Number of protein chains: 2
Amino acid sequence: MGASKSESFSTEHNEMASLFKALSHPARIAIVDYLLKVDTCICGDIVNELPLAQPTISQHLKELKNANIIKGTIEGTAICYCINPDTIDKIENHFGVIRHKLKNKCC
Amino acid sequence: MGASKSESFSTEHNEMASLFKALSHPARIAIVDYLLKVDTCICGDIVNELPLAQPTISQHLKELKNANIIKGTIEGTAICYCINPDTIDKIENHFGVIRHKLKNKCC
DNA sequence: TTATTAAATTGCAATATTACAATAAAACAA
DNA sequence: TTGTTTTATTGTAATATTGCAATTTAATAA
C-alpha cells in the first residue's frame, strides 16, 4: 500500500521508531549538533546556519519538537530552542539495553 | 522539490541520519528486538514472527543490512541474520557525546 | 534431471516526506 | 495605529517509502 502498518506493532516499537524518524534527516541532525555547539540558547539563527529556507527549518524544528527531542521557549519575538536531555537519555538507554543483551550472544 | 538536500550537509551528519533512518520503522525495530530475543541466530522465521509478507520483510532486512545494523550469513538454504555490535556501539557513543556536551549547559 | 525450500527482486499502487514561495500570525517598537 | 522582526502555516510539486503479488534466484534433496 504505502502507509506503514504501525497498528500491527507494539507501542514501544512505534515510539522508538518515531524517535529515530525524527533524527533520520541530516538537517535535523545538524540542528541538534548546532544546538549543542551554541553556548547560549539563543536560536532562530539556525536559519542562517543551515542551507535551507526558513519554512523548511521551521518544519524540521516542529518535527524535533513533536518528538520531544527539543523544547522551545518564547522570548519576546524570538523562540529559544534547546535539547531535551530526557529524550537523549531515553535513546541512549535503549542502546544500552541492546548492548547488554548482546553480551550473552555470539554470532 | 521533495528530495532531501543531503549534499548540503556533512558526511558525518548524513551518516548518522542514515543510521537513524534504518531504525525509523516499527517493523525494523521489531526485527532488531527479535534478533536480540532469539538465542540461536536461526532466522527466516522473522517472517512468521511479524505481520508482514515475505517480500516486505526481505526489504526491511536489506535496509538494516545496508546500514550495517545487521549481518547475514548464508547457512545452506537459509540465511542467518544477527546484529552488528559495532554499529550499536557507534550509535550509543553518538548519544554519549551529546549527553556529555549537554552537561555544560542549562536551558 | 526435477522438486522443494528460502530469500531476493521486480513492478506497481498508495501514502509519506521534503522543500519552498507566498502568506499569516504573534510580539514588540515607534 | 503602522511598521518591523521572528516564526508558523498553507499550498503545491518533486521525490521517497511502504507493502505486496508475482516472479526469480540459489541451494539442496530426491
Side-chain angles (χ1 to χ4, degrees), chain A residues 1-9 13-14 17-31 34-35 38 40-67 70-82, chain B residues 1-9 13-14 17-31 34-35 38 40-67 70-82:
Chain A
M1 297 292 159
S4 116
K5 295 173 72 175
S6 52
E7 70 286 353
S8 307
F9 301 98
H13 288 167
N14 276 300
S18 289
L19 275 181
F20 294 130
K21 181 176 275 178
L23 293 169
S24 72
H25 192 289
R28 295 196 286 271
I29 297 285
I31 289 174
Y34 180 72
L35 289 180
V38 183
T40 53
C41 237
I42 303 158
C43 302
D45 31 23
I46 299 171
V47 176
N48 297 321
E49 189 72 9
L50 299 188
L52 294 172
Q54 182 268 323
T56 309
I57 298 284
S58 187
Q59 204 173 291
H60 284 307
L61 285 171
K62 192 181 181 183
E63 285 176 65
L64 288 170
K65 228 188 316 176
N66 287 342
I70 63 173
K71 304 186 265 192
T73 319
I74 297 169
E75 303 227 346
T77 338
I79 291 187
C80 168
Y81 284 108
C82 57
Chain B
M1 300 287 162
S4 118
K5 294 173 75 175
S6 52
E7 70 285 354
S8 307
F9 301 98
H13 287 166
N14 276 298
S18 289
L19 275 181
F20 294 130
K21 182 178 273 179
L23 293 169
S24 73
H25 192 288
R28 296 196 287 271
I29 297 285
I31 289 174
Y34 180 72
L35 288 179
V38 183
T40 51
C41 235
I42 303 160
C43 302
D45 32 24
I46 297 170
V47 175
N48 297 320
E49 190 72 9
L50 300 188
L52 294 173
Q54 181 268 322
T56 309
I57 298 285
S58 187
Q59 202 173 293
H60 284 307
L61 286 170
K62 192 181 179 182
E63 285 176 67
L64 288 171
K65 229 190 314 177
N66 286 343
I70 62 173
K71 303 187 265 192
T73 318
I74 297 170
E75 302 226 349
T77 338
I79 292 187
C80 168
Y81 284 107
C82 57

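Quick caveat: nothing in here was measured; it's all calculated off a predicted structure. In what follows, every chain begins at residue 1, and chains take the letters A, B, ... in the order their sequences are listed.
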Completion exercise
Atom NE2 of His25(A) and atom P of dT18(C) are separated, to the nearest Å, by 5 Å
Fill in the blank from the handout: To the nearest angstrom, the CG-P distance between Asn48(B) and dA6(C) comes to 9 Å
Exercise for the section: Determine whether Lys5(B) and Glu7(B) make a side-chain contact, defined as any pair of heavy atoms from C-beta on separated by less than 4.5 Å. Expected result: yes
Completion exercise
The nucleotide from dG19(D), dT9(D), dT18(C) with an atom nearest the side chain of Lys62(A) is dT9(D)
Practice task
Would you mind classifying the nucleic acid contact of Leu52(B) as base, sugar-phosphate or nothing, using non-hydrogen atoms under 4.0 angstrom?
Solution key: sugar-phosphate
Exercise for the section: Using the side chain to side chain contact (heavy atoms under 4.5 Å, CB included) rule, take His60(B) and Lys62(B) through it: C-alpha gap first, then chi angles, then the decisive distance, then the call. Expected result: CA-CA 5 Å; His60(B) 284 307; Lys62(B) 192 181 179 182; over 6 Å; no
Handout entry: Side-chain heavy-atom pair Tyr81(A), Leu64(A) within 4.5 angstrom cut-off
Key = no
Exercise for the section: Compare side-chain N and O positions of His60(A) against OP1 and OP2 of dT17(C) and report whether any pair is under 4.0 Å apart. Expected result: no
Problem - Whole-Å gap separating C1' (dT17(C)) and CG (Leu64(A)) - result: 14 Å
Problem - Protein-nucleotide distance (Leu50(A), atom CG; dT7(D), atom P), rounded to Å - result: 13 Å
Handout entry: Proximal nucleotide (of dA8(C), dA8(D), dT9(D)) relative to the Ile79(A) side chain
Key = dA8(D)
Exercise for the section: Could you tell me whether Ser58(A) contacts a base, only the sugar-phosphate backbone, or nothing, with contacts defined as non-hydrogen atoms closer than 4.0 Å? Expected result: base
Handout entry: Aromatic plane relationship, Phe9(A) with His25(B) - under 30° parallel, 30 to 60° tilted, over 60° perpendicular
Key = perpendicular
Exercise for the section: Describe the nucleic acid contact of Ile74(A) in one word from base, sugar-phosphate, nothing, applying a heavy-atom distance below 4.0 Å. Expected result: nothing
Exercise for the section: Considering just the side-chain nitrogens and oxygens of Tyr81(B), establish if one lies under 4.0 Å of OP1 or OP2 belonging to dA6(C). Expected result: no
Problem - Phosphate OP1/OP2 of dC20(D) contacted by Lys5(A) side-chain N/O (<4.0 Å) - result: yes
Exercise for the section: Round to the nearest Å and state the distance from Ile31(B) atom CD1 to dA7(C) atom C1'. Expected result: 13 Å
Handout entry: Lys21(B) side chain near dT17(D) phosphate (N/O to OP1/OP2, under 4.0 Å)
Key = yes
Exercise for the section: Report the distance from atom CD of Gln54(B) to atom P of dT24(D), rounded to the nearest whole Å. Expected result: 15 Å
Fill in the blank from the handout: Gln59(B) has its side chain closest, among dA21(C), dC20(D), dT18(C), to dC20(D)
Problem - Nearest to side-chain heavy atoms of Lys65(B), which nucleotide of dA8(D), dA8(C), dT18(C) - result: dA8(C)
Practice task
Could you please name the option among dA21(D), dG19(D), dT18(C) that lies closest to any side-chain atom of Pro55(B)?
Solution key: dA21(D)
Handout entry: Side-chain touch Ser24(A)/Lys21(A), heavy atoms, less than 4.5 angstrom
Key = yes
Problem - Integer-rounded Å distance: dT18(C) C1' and Phe9(B) CZ - result: 11 Å
Practice task
For Asp45(B) and dT5(C), give me the distance from atom CG to atom C1', rounded to whole Å.
Solution key: 14 Å
Exercise for the section: Would you tell me if any nitrogen or oxygen in the side chain of Thr56(B) comes within less than 4.0 Å of OP1 or OP2 on dG19(D)? Expected result: no
Under 3.5 Å, side-chain donor or acceptor atoms of residues 45-59 of chain A against the rest of the protein: list the pairs with distances, not counting sequence neighbours.
none

